[in-house]
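Presented below is the structure to which this report refers.
No hydrogens, no waters, no symmetry mates; every other heavy atom, side chains included, goes into these values. Every number for a ligand or one of its atoms is a count from 1 in the order of the listing.
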Amino acid sequence: MTLRAVLAGTGSALPRTRVSNAELATRVDTSDEWIVERTGIRFRHIAEPDETTATLGAAAAKEALAAAGLEAADIGLIIVATATPDNTFPASATKVQALLGAPDCIAFDVAAVCSGFLYALSVADSMLRTGAARHALVIGSETFSRILDWEDRATCVLFGDGAGAVVLSAEEVTGDRGILATRLHAEGKYCDMLYVDGGPSTTGTVGHVRMQGREVFRHAVTNLASVLGEVMEEVGLAASDIDWVVPHQANKRIIDATAKKLGLSADRVVLTVDQHANTSAASVPLALDLAVRDGRIKRGDLVVLEAMGGGFTWGAAVLRV
Ligand code: UT7
């Protein structure tokens with residue numbers, strides 16, 4: 001028997017308002033055709049003032065708890081991956097804890113932008129396996145619309161808001177169930193390629209997303225293919241053993257190019273970028289929840305998660321559901 005972090009439930013939450021490319025084109029110098037052709041994005045959800053990273057995160061967490069058959073009181077660890085916290089402090093995880101009515105537990109945020117959920121998952125996996133908690137909520141939640149420059153068409157069309165959550169439970173398992181491997185990377189020398197031009201310690205403002213799109217694109221395909229290769233090698237399995245890949249949903253062309261590099265067929269890749277756009281740390285758990293709820297991802301499936309984002313940071317995880 002081996003102590004592993006097992007996926008016990010998933011959940012997600014999207015803001016009420018959905019915005020199409022055509023609607024965006026009435027406000028920004030862009031077109032549905034350009035956005036679809038370059039990114040695959042058709043819609044994104046945009047948070048209303050009463051919808052925040054913490055409220056969306058808590059809504060996703062409630063769904064995940066219900067799916068796991070657990071109560072908030074069962075949770076010993078809450079990690080929120082976000083680049084758009086409600087406040088500079090306290091951590092959004094403590095706000096989620098309060099919204100859930102969860103009693104004293106460990107709660108903190110992880111900041112690794114689009115790779116945040118992979119970082120948070122890896123931290124939770126380690127903490128569960130060393131006995132810090134029995135059940136953990138790992139949440140990716142973002143309100144990126146609040147840090148977009150709506151005058152910059154090169155970035156504002158790409159992002160959306162939302163949240164996804166998973167419950168992980170520490171279980172003694174036989175065989176290869178649960179999280180089998182995680183691998184994380186960061187290369188801070190590329191921090192100027194995708195960043196926010198403000199912050200508490202520099203400008204004292206929240207700032208806006210700035211990106212050198214082409215450079216990010218190029219690094220994304222290379223880094224994602226390489227980290228996927230690393231985790232698969234670590235678990236001693238081949239691309240042909242993978243039932244589902246749940247990639248970070250930044251751009252359909254990045255997802256397609258990465259799958260092609262690994263020899264994965266497109267029908268094993270979960271795609272939500274068309275409906276949600278890039279929701280940063282929320283994109284992987286949102287897509288995972290969708291595929292679990294519609295029955296594509298089933299008990300026993302080998303699932304690979306991957307993401308890359310600002311920093312640069314990137315990572316991947318392999319789990320048997
Ligand atoms: O989560 C991780 C972070 N993000 C990513 O992974 C995104 C990575 N990058 C990308 O997905 C792509 O680079 C973009 C989708 C951002 C851009 O696609 P691209 O094929 O690299 O286009 P580009 O930036 O080279 O721009 C091509 C043209 C430019 O016009 P000129 O200079 O050729 O006349 C842009 O001004 O497209 C123009 N353009 C637009 N046109 C209409 C840029 N944004 C838009 C727009 N609508 N929204």
Distance-only polar pair, side chains of S141 and T53, donor-acceptor under 3.5 Å: no
Any donor-acceptor N or O pair under 3.5 Å, side chains T82, E142: yes
Salt-bridge contact R183-E234 (side-chain N to carboxylate O under 4.0 Å): yes
Closest candidate by heavy atom, reference atom 17 (C) of ligand 1, pool W34, F144, F217: W34
NZ/NE/NH1/NH2 to OD/OE distance under 4.0 Å, D274 and R42: no
Heavy atom of A154, distance to ligand 1 below 4.0 Å: yes
Option of least heavy-atom distance to atom 8 (C) of ligand 1 (set: C114, G213, G40): G213
Proximal atoms of ligand 1 relative to M308 (non-hydrogen, under 4.0 Å): 1 (O), 2 (C)
T30 neighbourhood, listing ligand 1 atoms whose heavy-atom distance to it stays under 4.0 Å: 42 (C), 46 (C), 47 (N), 48 (N)
Ring centre gap for F43 and H276 strictly below 6.0 Å: no
Atoms of ligand 1, numbered as shown, that sit under 4.0 Å from any heavy atom of I254: 6 (O), 8 (C)
Shortest non-hydrogen separation from D149 to C156 and the atoms involved: O-CB, 3.6 Å
Ligand 1 contact on H248 by region, counting heavy-atom pairs under 4.0 Å: side chain
R44 and N21: side chain donor to acceptor below 3.5 Å: yes
Pairing residues for D256 by the side chain to side chain donor-acceptor pair (under 3.5 Å) criterion, not counting sequence neighbours: K252
Protein heavy-atom partner closest to atom 29 (C) of ligand 1 - residue, atom, separation in Å: R153 NH2, 4.9 Å
Atoms in ligand 1 with a heavy atom of M211 nearer than 4.0 Å: 4 (N), 7 (C), 16 (C)
Proximity of L194 to ligand 1 by residue part, where a heavy atom lies under 4.0 Å: side chain
Region of N278 engaging ligand 1 - heavy atom pairs below 4.0 Å: side chain
Non-hydrogen protein atom less than 4.0 angstrom from atom 24 (O) of ligand 1: no
Test item: Q275 side-chain N/O and T272 main-chain N/O as donor-acceptor pair under 3.5 Å: no
Shortest heavy-atom approach to atom 15 (C) of ligand 1 - which of I41, I255, V216, T39: T39
Ligand-residue contact atoms, ligand 1 with A250, heavy atoms, under 4.0 Å: 1 (O), 5 (C), 6 (O)
Numbering as shown, the atoms of ligand 1 that approach V157 to under 4.0 Å (heavy-atom distance): 48 (N)
Exercise check, heavy-atom protein proximity under 4.0 Å to atom 48 (N) of ligand 1: yes
Atom pair NE2 (H45) and CG (L286), whose distance is rounded to the nearest 0.5 Å: 9.0 Å
I35, portion touching ligand 1 at heavy-atom distance under 4.0 Å: neither
Option set R38, R214, R218, criterion heavy-atom distance to atom 20 (O) of ligand 1, minimum: R38
